[in-house]
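First up is the structure itself, then whatever we jot down about it.
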Number of protein chains: 2
Amino acid sequence: MRFETSTIKDIAKALGLSTSTVSRALRDRYEISEETKKLVLAYAEKVNYRANPIARSLKERRSYSIGIIVSEIANNFFSQVINGIESIAYDKDYHVIIAQSHESYKQEKLNVEHLASRSIDGLLIALSSETQDIDYLRQLYAKGLPIVFFDRVPGDFETHKVIANNFKGSFDATEHLILSGKRTIAHLTNSENLSITKERLAGYQAALAKYHIEFRPELVKYCQHGGMHSAELEQAVKELLPLKPDGIFIASDRLTTGCIMALKKTNPEVAHQIAIAGFTNSNLVELFSPSLTSVKQPAFEMGQVATELLISMIEAKRPVTEFETKVLDTELVRMAKR
Amino acid sequence: MRFETSTIKDIAKALGLSTSTVSRALRDRYEISEETKKLVLAYAEKVNYRANPIARSLKERRSYSIGIIVSEIANNFFSQVINGIESIAYDKDYHVIIAQSHESYKQEKLNVEHLASRSIDGLLIALSSETQDIDYLRQLYAKGLPIVFFDRVPGDFETHKVIANNFKGSFDATEHLILSGKRTIAHLTNSENLSITKERLAGYQAALAKYHIEFRPELVKYCQHGGMHSAELEQAVKELLPLKPDGIFIASDRLTTGCIMALKKTNPEVAHQIAIAGFTNSNLVELFSPSLTSVKQPAFEMGQVATELLISMIEAKRPVTEFETKVLDTELVRMAKR
DNA sequence: AACGTTTTTGGGAACGTTTGCACACTTTTT
DNA sequence: AAAAAGTGTGCAAACGTTCCCAAAAACGTT
């Protein structure tokens, strides 16, 4: 089963022109006379000519596509980021190829390499919670693949990055819990090697410090798999509850929903006693019970900004050497009344 | 900024062979001696040779990629379907390009045509709730683009289709409401022109009939935009409530969550009095309040089955003329106790 | 020793574009 | 009137593959 579509050659033959003339006419080059252009354009329209992007890619040595790696598209935060990415990419005539790491380093690497072999022109990536070794990315980068990190960014990699103001977001959420009278505030967070984990922890600590509440390390629980396994969360909850927290600040989308589920499942009676604040971009948060205060990241905008940066790298004539890290503000959405 | 990678030509030159020999050796053809194969393979490994998929696509006139159109990846149902699709596609060495219609006919058409011009080998599509005219799909299909529909399928299009057992799913959900004592059961559903709308309505009606409950058309509300606009839902809720329903059966994911939100927002006091049953694949359903009984579609499996069918079409030597419509069973997840 | 077979290799066209260069024809400048 | 400049077009190579066809090498048979 195969398409047959008309090519530049067909048009050239039909019109008694050369392929070069047709090609130039279609791309509206100045060398071609208005007359010829009109002729070609009209005929192309008539036969519904579509340039073959594959041939073009081969010739121009680029694919007009950018790769995206996120842990899960089912995660509202990431799907919003992707929407932001698409909004810019389609505008600039790129298309996007999305792949999921499912928080696995192996999957992430496999996907990136698959995309790279597919000749993507650039890569947008949020690291998986497992990822520690990013040498494979360095290699691709050294070979000339533009990369922009967002959300979960590595510290030691010189390129553009786009992140939320994790410190402030965490500070605000924690402060909110404190101001509503909580004093024993636990912190449930992602794997320690993620950038966001460190920043969010710092925000949490700063808020405690501001109100002279002692920081107790045992109130902080790290989840290696970012909440992909419910067992991990139930374990964390089990370890936390004996410390009698009256509030809990949770550092990521998946963990937030997962934690509430674990709480409801294992200790339904206390689920409603503990005040919860957490990062989440779920658009269903109004439906949750217990309800919670959420820190929303500007996901759509993050996708847009990252894509603009990436495309600027892709289209730069000379290698880019000045990099920026854009920091976008989060929004605190206070808990709905019960 | 450009990659430089080694090509078959480079290998041929380095080894003093011809490109044809190298090409054949790499693809492990029988004509090439073991010795040469080893030589080539070893060298290819050494220089980390990766075949250029673009060149291959151009030569073979196919791209090894399949297009996916869904209304929204943020919708859990669709993201699960996509996971199913990927699981099969990657296995068979295809990659996938995802595009979103956001329930808009215009977007859908634009995306499909964009994908088609990108030389996808086949298309997997769930129609947008706005879509009525699928001539553009017919044209592509006639030109040789294999298409498989899933979830929202058109009636009059001869190709493979994969759907859930919408009738039975709806019947079960409605019956569940009846068995828990409800008698005035409203039905909130999608745009009338969707296949799923008709099937789900029929299931609802059949359940009513079985228990000799009169079908009242005024209890059925159609949402043209599939719940993409909250105003639409609030309007529907507003019209429904005066009829004093004691139960409501909702026919799609987005509508289910949207309806509960509208209910909570406009009439919080009655939100908990009405029993709710609805289609949804949200994995957060346990957190919802009010809680609900949900009809879960076998989304992952649906993606897998659709992909297998599509790839079989793509790889068929002769045009396929025998088509099947696979129907997969849904699962009723009863409401958690309050 | 001459011939046929079989196995292994190479030459070169093709896929559909883009683009540097050359060419022919006009028009302007000197 | 010749030279220079400008305009519009075509030729052909290139991008990295695959594959048809032919050629060369190796072997066996008479």
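Chain letters run A, B, ... following the sequence lines, proteins first, then strands; residues in each count from 1.
In this structure, a donor-acceptor pair under 3.5 Å is present between the side chains of B:S87 and B:Q304. In this model, no donor atom of one side chain and acceptor atom of the other lie less than 3.5 Å apart for B:S101 and B:Q107. B:Y94 and B:E86 form no side-chain donor-acceptor contact under 3.5 Å, judged by distance and modelled atom types alone. A side-chain donor-acceptor contact under 3.5 Å links A:S129 and A:E103.
Checked by distance alone, B:K59 brings no side-chain donor or acceptor within 3.5 Å of a matching partner on the base of D:dT17. Contact annotation: side chain of B:S20 to base of C:dG11, donor-acceptor pair present below 3.5 Å. In the interface, the side chain of B:R24 is paired with the base of C:dG10 through a donor and an acceptor atom under 3.5 Å apart.
Atom CD1 in B:I32 sits about 13 Å away from atom C1' in D:dT18, given to the nearest Å. One atom, CG of A:L26, and another, C1' of C:dT17, lie 11 Å apart when rounded to the nearest Å. Atom P of nucleotide C:dC15 and atom CD1 of B:I54 are separated by 19 Å, given to the nearest angstrom. Between A:R62 atom CZ and C:dT17 atom P the separation is 17 Å, expressed in whole Å. Computed from coordinates, the A:I8 CD1 to C:dC15 C1' distance equals 13 Å when rounded to whole Å. When rounded to the nearest whole Å, the span between CG of A:L17 and C1' of D:dC11 equals 14 Å. Atom P of nucleotide D:dT9 and atom NZ of A:K37 are separated by 10 Å, given to the nearest angstrom. Rounded to whole Å, atom P of C:dC21 lies 14 Å from atom CZ of A:R29.
Using a 4.0 Å cut-off, no side-chain N or O of A:Y49 falls inside it from OP1 or OP2 of C:dG16. A close approach under 4.0 Å does occur between a side-chain nitrogen or oxygen of A:S33 and OP1 or OP2 of D:dT9. Here B:S18 reaches the OP1 or OP2 of C:dG10: one of its side-chain N or O atoms lies under 4.0 Å away. Between A:R61 and the phosphate of C:dT18, there is no side-chain N or O to OP1/OP2 separation shorter than 4.0 Å.
Here B:L15 contributes atom CG and B:L39 contributes atom CG; the two are 4.0 Å apart, rounded to the nearest 0.5 Å.
The residue B:T36 sits close only to the backbone: its heavy atoms come under 4.0 Å of sugar-phosphate atoms, none of a base. Residue A:S23 is in base contact, counting any heavy-atom pair closer than 4.0 Å across all strands shown.
Under the Watson-Crick and G-U wobble criteria, each requiring two contacts below 3.5 Å, nucleotide D:dT30 is paired to C:dA1.
In this structure, of D:dC19, C:dT8, D:dG16, it is D:dG16 that holds the atom nearest to the side chain of B:L58. Minimum atom distance to the side chain of A:R27 is reached by C:dT19, of the listed C:dT19, D:dG10, D:dG16.
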For B:Y49 and B:Y43, what are the C-alpha separation, side-chain angles and deciding distance, and is it a ring-ring contact (aromatic ring centres under 6.0 Å, His included)? CA-CA 8 Å; B:Y49 168 80; B:Y43 188 80; 9.8 Å; no
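Residues A:K9 and A:R56 each lie close to DNA chain C; by heavy-atom proximity, the contact nearer the 5' end of the strand is made by A:K9.
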